[in-house]
Amino acid sequence: MTGLRLYDTAAREKRVFVPINPDRVTMYVCGPTVYAPAHLGNFRPEVVFDVLFRLLRYFYGERAVLFSRNFTDIDDKINAAAKGKGVDIAVITDRYTDIYQTDAAALNVLPKTFEPTATGHMPEIIAFIERLIANGPAYVTERHVLFSGATHKPYGEFSRQSRGEIIAGKRVDVAAYKRDPVDCVLWKPADDDMPGWESPWGRGRPGWHVECSAMIENSLGETIDIHAGGVDLVFPHHQNEIAQSVCAHGGKPLARYWLHNGVLCLNSGKMSKSEGNVVTVHAMLADGVQGETIRYSLLSGHYRAPLEWSASLVNRARKSLDRLYGVLRRLNDVQPSATGPSEPVIMALCDDLNTPRALAALFAIAGRANRADTQAEQAQAKGELLAAGALLGLFETDPDTWFGLDAVPEKTRIEIDQLLRDRAAARGAQDFERADVIRDRLAAKNIQIEDGPEGVTWRLRDQILKSDMQGRTQPL
RNA sequence: GGCGCCAUGGCGGAGUGGUGACGCAGCGGAUUGCAAAUCCGUGUACCCCGGUUCGAGUCCGGGUGGCGCCUCCA
């Protein structure tokens, strides 16, 4: 019993989380289709469910939690991208998978236990489809294999879609080969000039929904504890996954808890490649925004609520982290107590991953640290801060690095040190005019001086964005 | 058209029916040679209209506004 409660989309309420087997907790998150650099919206589930992963590891032990997240590496858009460049699809998918992994690492996202790919599980996917045909719910027609939604009685219950409404509200034409509009493709034929795999139904490739069903079964089992993803996947993707898996597994449920994160918006509209309003993580990192700032931004709202992305959101995140890292920097020489995360942090995260409340709790600890009179209090606060950070995926950077000390070239650092010595000498000689001239000169170069009881420290006043480096690269 | 979500101070964002966290910004004070950082203090904020209740931001109904899904989508 951990006190963890999660909002389950299927139940439409928060439910106490109890795993099937506390020695083997399983979770799966739908991953990206790798045909372009992933945008911030793609990384929202990556980050929020990373917090869940960390929390579960904290409760059940690192080795007890198995986390699988797929890469969809066969898809029409991938084919189109490969064809456009005249290369094999693997060239495209390898490239964007690498970028994705780099981006994820920059956001302090822990590596997954399993990262299955569709192309790496073709025999399993084909076997899965064969089982659905043998069991009845799938049928072969015009070189396609289709799953009959109607054969799964509760179809639509999970996503609150009735079959009649799906038909009435359909906005695209239903393919002629479908017996019913809610049927979905398990296997589709591939022309000779398209990537394809040999199957009992001819050369082709799997449909999107079945790939997840088959890979979940293969990497985690028939019934998993948690299945998560973006809210835009509830229908039809997750609905179809459920129908297929339940039918393939003799009625056993696919997942016991379903979690869905809200959409990320830019200019009040959902960020999505088809809308064209995307900001890629790769581009932000290349521009010099710290991954941790992006992570904090993504965690600053509750995961189920929509999150409006903006420059001011990033700016606030950066400043908030400045304050917290300032504490850690001040306590650089203090050995942190071996303590766990403070109760308010745990309580907040246990309440359906309430990260805004958890972050608020961080500031309470920071206040205590700054007010602390004794080293014991400081050590306790530092320990709590780091422990909380470990759950949230924060404070994994050295404080000096955070404040940009590594960002300036060695040569410049030597110049800065010399100027600081000059200033100290001037102050010692009561020559405040000269001391202030030096400080202003540094400030003009984005360097902020902080006089402390144990000497002067400095930091970059503002983040140096590579898109905004004018005037900041000249020598001092 | 169907299904669903949301509406809190300048901005962002929590909130179990009983005078409303936290962060950023602002203001006042302490500290500082002056700053910065830090500390202390500081805000007549709960979309509108009804209802339930001794009491509602919190529950119910209606309205208005915004958003998502129903199509590839995280």
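From a predicted model like this one, the values you see are computed outputs, not experimental measurements. Numbers restart at 1 for each chain; the letters A, B, ... are given by sequence-line order, proteins then strands. Basis for what follows: all heavy atoms, side chains included, without hydrogens, waters or symmetry-related copies.
Contact annotation for Arg316(A): base contact, defined as any heavy-atom pair under 4.0 Å involving a base atom. When heavy atoms are screened at a 4.0 angstrom cut-off, Gly229(A) is found touching the sugar-phosphate backbone but no base atom. At the heavy-atom level, Leu264(A) lies under 4.0 Å from base atoms of the strands shown. Nucleic acid contact for Arg427(A): base, since at least one base atom lies under 4.0 Å from a heavy atom of the residue.
Checking Leu233(A) against Asn354(A), the closest nucleotide of RNA chain B that is more toward the 5' end is the one next to Asn354(A). Positionally, the nearest nucleotide of RNA chain B for Ala366(A) lies more toward the 5' end than for the other of Val234(A) and Ala366(A).
The separation between Asp351(A) atom CG and A14(B) atom P is 12 Å, rounded to whole Å. Asn261(A) places its CG atom 11 Å from the P atom of A74(B), with the value rounded to the nearest Å. Following rounding to the nearest Å, Arg357(A) (CZ) and G15(B) (P) show an atom-to-atom distance of 6 Å. Here A74(B) presents its P atom at 13 Å from CD of Glu275(A), a figure rounded to the nearest Å. Atom CD1 of Ile438(A) and atom C1' of G33(B) are 15 Å apart (whole Å). If you take CG of Leu442(A) and C1' of A36(B), they are 13 Å apart, rounded to a whole angstrom. If you take CG of Asn240(A) and P of C69(B), they are 17 Å apart, rounded to a whole angstrom. A74(B) atom C1' lies 14 Å from atom CG of Asp103(A), rounded to whole Å.
Of the candidate nucleotides A74(B), A21(B), G4(B), G4(B) has the atom lying nearest to any side-chain atom of Arg160(A). Here the nucleotide nearest the side chain of Arg330(A), chosen from C39(B), C69(B), A37(B), is A37(B). For Arg423(A), taking side-chain heavy atoms from C-beta onward, the closest of the listed nucleotides C34(B), A14(B), G15(B) is C34(B). Listed nucleotides: A25(B), A14(B), A74(B). Nearest to the side chain of Lys319(A): A25(B). The nucleotide whose nearest atom lies closest to any side-chain atom of Gln161(A) is, among A35(B), G33(B), C69(B), C69(B). Listed candidates were C24(B), G68(B), A36(B). Nearest to the side chain of Glu450(A) is A36(B).
Between the side chain of Asp436(A) and the base of A35(B), no donor-acceptor pair under 3.5 Å is found. Below the 3.5 angstrom threshold, one finds a donor paired with an acceptor across the side chain of Arg439(A) and the base of A35(B).
G1(B) and A14(B) have their C1' atoms separated by 36 Å, given to the nearest Å. Taking atom P on both C6(B) and C60(B), the two are 11 Å apart, rounded to the nearest angstrom.
For the pair Arg318(A) and Trp402(A), the distance from NZ or CZ to the six-membered ring centre is under 6.0 Å and the angle to the ring normal is within 45 degrees.
Side-chain atoms of Tyr325(A) and Glu292(A) form a donor-acceptor pair, as typed in the model, at a separation below 3.5 Å. If you check the side chains of Asn70(A) and Ser68(A), you find no donor sitting under 3.5 Å from an acceptor.
Partners of His260(A) according to the ring pair (Phe, Tyr, Trp, His ring centres under 6.0 Å) rule, which considers only residues two or more places apart in sequence or in another chain, are His238(A). Under the rule for a side chain to side chain contact (heavy atoms under 4.5 Å, CB included), the partners of Asp73(A) that lie at least two apart in sequence or sit in another chain are Val34(A), Thr93(A), Thr117(A), Ala118(A), Thr119(A).
Stems are defined here as 3 or more consecutive Watson-Crick or G-U wobble pairs with pairing distances under 3.5 Å; those involving RNA chain B are B:1-7 with B:64-70, B:10-12 with B:22-24, B:26-30 with B:38-42, B:47-51 with B:59-63.
Partner of Phe71(A) under the ring pair (Phe, Tyr, Trp, His ring centres under 6.0 Å) criterion, out of Tyr35(A), Tyr100(A), Tyr96(A): Tyr100(A) alone.
Ring orientation note: the planes of His209(A) and His237(A) are tilted relative to one another, at an angle of 30° to 60°.
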